[in-house]
Amino acid sequence: MEVFLSQLFIGLSVASMLLLVALGLTFTFGQMNVINMAHGEFVMAGAYTTYVLQTSVFGTGAVTLAFGLSLPLAFLVGGVLGLILEFTLIRRLHGRPLDTLLVTWGVSLMLQQLARDIFGAPNVQVKAPSFLEGGITVAGVSMPYTRLFIIGLVVVALLAIWFYLSKLPAGRRMRAVVQNRDLAAASGVRTPHVDRLTFFIGSGLAGVAGVAVTLLGSIGPTLGTNYIIDAFLVVIVGGLGQLRGAIVAAIALGLANAYLEYWTDASLAKAAVFALIVVFLQFRPQGLVVTRRRGLA
Amino acid sequence: MTRLGVTRLLAILAAAILAAAAIAGCGSSSSESDAADTGASTSASADSGGDAIKVGILHSLSGTMAISEVTVRDSELLAIDEINRSGGVLGKQIEPVIEDGASDWPTFAEKAQKLISEDRVAATFGGWTSASRKAMLPVFESNRALLFYPVQYEGLEQSPYIFYSGATTNQQIIPGLEYLKEQGARSLFLVGSDYVFPRTANKEIKAWARANDVEILGEEYTPLGHTEYGTLISKLQEARPDAVFNTLNGDSNVAFFKQLKGAGVSARDMPVMSVSVAEEEVAGIGPENIAGHPVAWNYYQTTDTPENRRFVRAFKDRYGADRVTSDPMEAGYVQVHIWAKAVEKAGSTDPEKVKEAARGLTFDAPEGRVRVDDVNQHLYKTARIGVIEPDGQIREVWSSGRPIAPDPYLRTYDWASGL
Amino acid sequence: MTATAAAPAAPGVRDDDLLRVEAVDGGHGSTAVLFGVSLGVPRNGLCCLMGRNGVGKSTVLQTIVGLLKARRGRIVFDGDDVTKLKPYDRARAGIAFVPQGRDCFPQLTVRENLRVVQEARRDLPKSGIDDALDLFPRLKPLLDRPAGFLSGGQMQQLAIARALVTQPRLLLLDEPTEGIQPNIILEIEDAIEQLKRTAGLSILLVEQYVDFALRLAERYAVMDGGRVIDAGDTAGLADGHVRRLLAV
Amino acid sequence: MSAPTAGASPAAGGALLEIRGLKVVFDGFHAVDGVDLTVEQNEVRFLIGPNGAGKTTLVDAITGLVKPAAGSIRFEGGELVKRREHQIVRAGVGRTFQTPTVFEQLTVLENVDVAASFRLGLPQLLRRPRGATPAVTAALEAVGLDALGDAQAGTLSHGQRQWLEVAMVLCQGPRLLLLDEPVAGMTGEERLRTGELITRIAGEGTTVLVIEHDMDFVRRFATRVTVMHEGRILTEGTVSEVQQDETVREVYLGRPRDARGAGAAAEVAS
Amino acid sequence: MATMAKLFPAGSGRGAFLVRFTLAAAALLLVAPALLNDFRLNLLARYLCLAIIAVGIGLAWGQGGMLVLGQGLFFGLGGYAMGMHMKLEEAAALPSGPQLPDFMTWSGVESLPWLWVPFRSAAFAIAACVLVPMIVAAVLGTLIFRQRVRGAYFAILSQAMAAAFVIVLIGQQGLTGGTNGLTNFRSFFGLQLSNPDDKRLLYLFVAVVFLAVFLIARQLVRSRYGKVLVACRDAEDRVRFLGYDPTRVKVLAYAGAAGMAGLAGALYVPVVGIMSPALLGIVPSIEMVIWVALGGRTVLAWAAAGAIIVGWARTDLSERFPSGWLYAQGALFIIVIAFAPKGLAGVSEELQRRVRSLLSRRRSETPAPERVKVAA
């Protein structure tokens, strides 16, 4: 029972990290049909933002302040990178999703090398703020504060996205463009602006995920590659651009990983999860959540 | 219309770059084959003709392993610089030819071949992972060329054309185990990355444990680059071993130690003995996450010898005060000197003569005196156990006191007879 | 760029028309559908575009809105050449489009469907939504329902309401009564009649109910095979002439 | 999988296609709402009705493109409902599309050749076509595209694409041919030729079901006409019978000018 | 000027192809061995292995529209099949001991795993190099295509399969050699891999296989089947209504590409002397597609050329700029894919067209005919 509960917690925390990376992809993949392989590098940029704030700007004396500020700043950094990418390349590749995949992969190569040139090849270290040290134990399950914080961060991110999409005009525009791009354009919605904003937010979320990564793992130029494929699988299993689907898929994959790894080992669990996904797509080739869309023509 | 024009222009430009690169490749290859020693090379040195002796430096400068290997390249270049400033070898300057293994084992093999047959290097210093060494091994053997390999490894190998400057099992892992046992550990949990070094090392550790009445409570491997250690840590917490023996590699250590600390497991509760975590890695993991855990090596930046003080100062002068030195870096530094000494002694860079000259050669290394084994071309090295301090340095807490003879096949250990 | 003032005016196009489509070629992707289409919508008037299925009527509308590119010819709105403008800029210039069929933002509520259009621009007053709803009172109790769940007729009313929120000067209506239950057709027709009386609104209507269309129209155009085969003023039009052209 | 040979079909003059109680639902919208339809051997049946009546959806259901919610479709006695698209084609049902879809990267000849090769085994498919086979030539001649054999299909006009599509179906020798608005966008002369072609095809033993709006065309070439409206069969009969039918006039041509209330009521009733 | 015109023949008929193919074959079989030293010739052999993969990708992606991002899986299956046989041959030649491949000894495997047993037979190993990848591809492809999974979904799924394959390979060290992979080969069907003359023979063998594979693929593309495949790429749903099952059509191309990748893997092992998971993961698999994109996805010869050019540029650039060449690589991919989607094939076509029109304009003052093909 204890094992069950502790794996449940671990599964959820794995899921939260997956979801944090996948959220941004859900935006860019779902809205614009862009397979952004450089998304992982935006995560990396977010992580390095935290590092720079902590070491260069504030010094190690104000860890908590630096960490707190890194959340909005990493969002901004990721977002601006996304904007640049959208403006220089993505919008020229409209309607060629497979080509965006290849092009953004080239971008990700360059960003990795850029990070290596700026920050050096070795990993760098970010201190976790002191309030995230330690953890609590509930019903025999020890829950580190860092993991609770990440779960909390995902919940906040989801709430913010929900609020943005359903309560703010810009969010409504974004949904309108997803659901019927031509109709939105013909109704006066400046779709390129919406696309740019979408990419900004999606990439910004990657930056935020980068901040979370610093609490769990290493910060190096190749950080993004560790997360990108898993995140894409979340998006695919969830269904194109479906927020609800992505949440369910992330939780399912996180739990599957946690329990399978407990019974077997990390390598086998990973391979088994891939196999499960192939089987799953046999039954739901479009993912968990599917919506019909109609075009004008 | 204008957009289309620009597009075409860019495309043509790209094609031109490519074509130029390809043609340049053809050109250089045919000319270099005829005059390998004078052909344009990637070397930084402008020396030409017969005044220089070329050596290969083959490490990953890109990809996942670049993190570690770049530091070894730096210390090897430092050693070359030192030798050149004191007159070089055989009166000639050493000219390093640097190649990128790109963290890709086949690339290591390709570049090794290139260094040997195109650059005609006298020797090559390179590699980090066992996989890269295994990939290069047949290349060096079939070309009868020399490779100096600077990293501790799993043993069970003895190539006539490889010099092993890092520790083999009985110079690092076994002392580490003995230390844990001395500290009262009666049960162990083995954690490693999923590749040859951890698996082979753990095989040996299990044999040792059987002979020493130490219980192995679990053995777990994670893929290279794995970053999610929640489940593994809960397995650890469940098994409650007296100590953990850690053969994780690279990035995974960062995730493992951060998450271990997050789970509230301290070095006092469950010390984790690492054999792949040196000063450089400690900086990436964050000293506060790993402080108090033991490591096993042959050298630390704090090792108290006059040679080391000189080495550390020279390194920091050259690369910056914030840089640290580590065991593989020291081994990289040492192996260049050993090669140079052997060449001087042999009076030639001919591999067979250098091998002959290297037998029994000694060198006062930063880690203390090392000696090349007569037979297996490994080094006699002093084993040292250290504990990581909160400032990121490693404090030596135990030492073998004298260099241990290398025994890659563990022939002198009864319990290892089945391996 | 080709059609200049010197080009001979086609029948059914006048210089002072609010919208002039001048010798436009167009189509979907690589498929050419339109060949030299010219037509005009008079200021404060209604032009009725007729023709059988598949002759290119919807393609004309989509080209006017900018969803499809005109390969040749030009589109002039209120004296300005809008041929190169993006759809949203044409919408901002005052062209509103009610596409054929049940087209909406299906997962947005009825209210959101209207608000998203109103909010897309700073210059549109919120009251525009109420005005549009006054024209279709049937939508008022459905405001919080996702538009995808509306019936065909309700959706069509929503589509027209959404177009009106943009306070257009030109309204393009693509078969607003197609496949819709008759009592709602009446309401839609009433609304169109009412709109036609609105000062400053011109309408280009694609409609298969010839009688209804001709009764409201000042101008007509008949298409076949991607070409306008007949166009002109409805005044003095012989009864049956258009019917014959449509060959029903 | 393999279709019964032509000789095995039921007695001549019997029902070739029998649809019973067919329903197709999209998101709660009943596009086809309980259709019963019987098409006899060798007839040219026209299917007419206003936009949105469900004609194309009916053809989609016959050819397996949409899955019916209920009902059965029997072709030569065999049930089509559960079969996949290509199996239905192999059973002998060919169709064209409202917007003609041809393979733009291939030449006209290759388009038809691909269609004609559908029963070939893999070894034959892996061979290079050496010139046009007689069936391909005949089909191209039938639609008058024989001169354009080497042109890329992407360069064809709308009308030519429709011809090409017809040729592609023709060379497959289907026993039931479903044409979705084959003359849309054609000139009068082209229409005439198409009509004659349809008549000829029927004379050679292929049953043809045509969706069409052009009443001139219908009058000229139809033997029997079925009228659909709002997903149902409104009526069926000869051209003149249908033209006399008051309800048909109403749904098709619109209400009389002044029939505001009454006309609507009549329509709701139908 | 007349020679210029000859260099850019306008026709693409049989004669023109024969000329070009003969020239290419002569370059590979005669010129290259004469000009290149052992090291460079061996590199060329390696690029030709990669070019074989590229031809397969050109078939599946360029002709069939399936973006195969996981060809590493099939490359690896073929490579491991051959590597296993070569390892066993060597082990059998050992004077004493358990006659196991070296890595098994140090992984603690005591008897030969059953999976390895059939690979003792050379015939089985050779057949398995091609057939195992094809069968795996056929099964996976049938499952995936039947559900009409395509486009980005298929791409990412195929990528995930390569990733899963690598994880399994690494995890089963006793069976596969783990991260190290299979290495330390000495002979290949009697050829001594340390002997330069034998390596030259090996090069010739690889070149002949490459030319043969290219011809087979070309035949496939030009056959009726090739036309159906293109039809599937452009309008899969329409193909159903011609009575074909697109699943089968696509599976055949997918399996064909897999077989070619497997064959390439089998040749790569003796040429390079190593087969390891590092060659098969996500990054190498994407790179395979990049070669084809760069060369020109719809033209087989250019797809193969793309592999050779990128391979060469990679070796050369990384020699010249060991630490900075990733920028160049990334930039090149971005420029080509974003701005020249037809790759070098498109660029070359455009250049030829310009040269031709320039020539014909000079020759006679009549204007050059309008280009018929419109760039996509």
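Here the structure is a predicted model, which means the values were calculated and not measured. Lettering follows sequence order; numbering is per chain, from 1. For the numbers below, each heavy atom of this structure counts, side chains included, while hydrogens, waters and symmetry mates do not.
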Salt-bridge present (B:E154, B:K203; N to O < 4.0 Å):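 Salt bridge flag = no for B:K203 with B:E154.
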
B:E76/B:R73 salt bridge by N-O under 4.0 Å criterion: no

Interchain contact, B:E141 with chain E, by part (heavy-atom threshold 4.5 Å): side chain

Under 4.5 Å from a heavy atom of chain B, the part of E:Y268 involved: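 For E:Y268, the side chain is the part near chain B, not the backbone.
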
Proximal component of E:T179, with respect to chain B [non-hydrogen, under 4.5 Å]: both

Under 3.5 Å side-chain donor-acceptor pair for E:N37 and B:E118: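 The criterion, which ignores hydrogens and geometry beyond distance, is satisfied for B:E118 and E:N37.
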
Side chains of B:Y229 and B:S252, donor plus acceptor under 3.5 Å: yes

Partner set under salt bridge (charged side-chain N to carboxylate O under 4.0 Å, His left out) for B:R144, not counting sequence neighbours: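 Salt bridge (charged side-chain N to carboxylate O under 4.0 Å, His left out) list for B:R144, sorted by chain: empty.
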
Residues E:E90, E:N184; criterion side-chain hydrogen bond (donor to acceptor under 3.5 Å, both in side chains); working and verdict: CA-CA 10 Å; E:E90 272 155 33; E:N184 207 359; over 6 Å; no

E:K87 NZ/CZ over E:F185 ring centroid, <6.0 Å and within 45° of normal: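 Verdict for E:F185: a cation-pi partner in E:K87.
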
Pair B:Y153 and B:F197, ring centroids less than 6.0 Å apart: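 That pair fails the under 6.0 Å test.
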
Contact listing (chain B partner; residues 165-178 of chain E; heavy atom under 4.5 Å): E:I170, E:G171, E:Q173

Contact winner vs chain E - B:S132, B:A135, B:P223, heavy-atom pairs under 4.5 Å: B:A135

